[in-house]
A.B. asks: 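Take a look at this one; I'll ask things after.
Note that these values count all heavy atoms, side chains included, but never hydrogens, waters or copies made by symmetry.
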Amino acid sequence: MLRKTVNLQGEDAAAIQPFLADGPDRQELARMVGEEAPLYSESAALRALAVLGAHAVRERIAERGYENLARAYTEEDRTACEASLDLAAEAWTE
């Protein structure tokens, strides 16, 4: 188990406060992380926020990777991919 202390002040504390109090924000957070029951403790809500935040960062990393890959493709690469897809489509319809 990993335990860390995080001190939140000002805007940071205000940003997460709605998720720590019982209400619609906390209920939606529970739904987003797949919890059947409400998040009963502040630590559970903080864990859920951390998990969702980590997931969002990983998604953004993947998006940037796909963007970089798309930029790296040359016209020759695109033509070869299209030809390959055309051959696959022809084989599928035969």
A.B. asks: Taking all non-hydrogen atoms of both residues into account, name the closest pair between Tyr73 and Cys81 and its distance.
C.D. replies: CE2-SG, 3.9 Å
A.B. asks: Report yes if some heavy atom in the side chain of Asp25 is under 4.5 Å from a heavy atom in the side chain of Leu20; otherwise report no.
C.D. replies: no
A.B. asks: Surrounding CD of Gln9 (heavy atoms of other residues, nucleotides or ligands, distance under 6.0 Å), is the total greater than 12?
C.D. replies: no
A.B. asks: Taking all non-hydrogen atoms of both residues, which atom of Ala45 and which atom of Leu29 are closest, and how far apart?
C.D. replies: O-CD2, 3.6 Å
A.B. asks: According to side chain to side chain donor-acceptor pair (under 3.5 Å), who are the partners of Glu28, at least two apart in sequence or on a separate chain?
C.D. replies: Arg31
A.B. asks: Identify the heavy atoms of Asp77 and Ala72 that sit nearest to each other, and give their distance.
C.D. replies: OD2-O, 4.1 Å
A.B. asks: Quick check: are there more than 12 heavy atoms from other residues, nucleotides or ligands sitting under 6.0 Å from CD of Glu67?
C.D. replies: yes
A.B. asks: I need the Leu49 CG to Met32 CE distance, nearest 0.5 Å.
C.D. replies: 9.5 Å
A.B. asks: Search all heavy atoms of Ser41 against all heavy atoms of Arg26 and return the closest pair with its distance.
C.D. replies: O-NH2, 2.8 Å
A.B. asks: Looking at OH of Tyr66 and CD1 of Ile61, how far apart are the two atoms once the value is rounded to the nearest 0.5 Å?
C.D. replies: 13.0 Å
A.B. asks: Sequence neighbours left out, what pairs pass salt bridge (Lys or Arg N to Asp or Glu O under 4.0 Å) with at least one residue falling in residues 39-58?
C.D. replies: none
A.B. asks: With distance as the sole test, does Thr79 use its side chain to make a donor-acceptor pair with the main-chain N or O of Glu75 at under 3.5 Å?
C.D. replies: yes
A.B. asks: Answer with yes or no whether the hydrophobic clustering places Leu85 together with Leu87; edges join I, L, V, M, F, W, Y residues whose side-chain heavy atoms lie under 4.5 Å apart.
C.D. replies: no
A.B. asks: What is the distance from atom CG of Asp12 to atom CG of Asn7, rounded to the nearest 0.5 Å?
C.D. replies: 10.5 Å
A.B. asks: Looking at every non-hydrogen atom in both residues, tell me the closest pair between Leu8 and Ala13 and how far apart they are.
C.D. replies: O-CB, 3.7 Å
A.B. asks: Less than 4.5 Å apart, side chain to side chain, heavy atoms only: is that true for Leu69 and Arg71?
C.D. replies: no
A.B. asks: Just jot down the side-chain contact (heavy atoms from CB on, under 4.5 Å) partners of Glu82, sequence neighbours excluded, or say none.
C.D. replies: none
A.B. asks: I want to check something: taking the side chain as every heavy atom from C-beta on, are Arg60 and Val57 in contact at a cut-off of under 4.5 Å?
C.D. replies: no
A.B. asks: Does CD in Glu11 sit with more than 12 non-hydrogen atoms of other residues, nucleotides or ligands closer than 6.0 Å?
C.D. replies: no
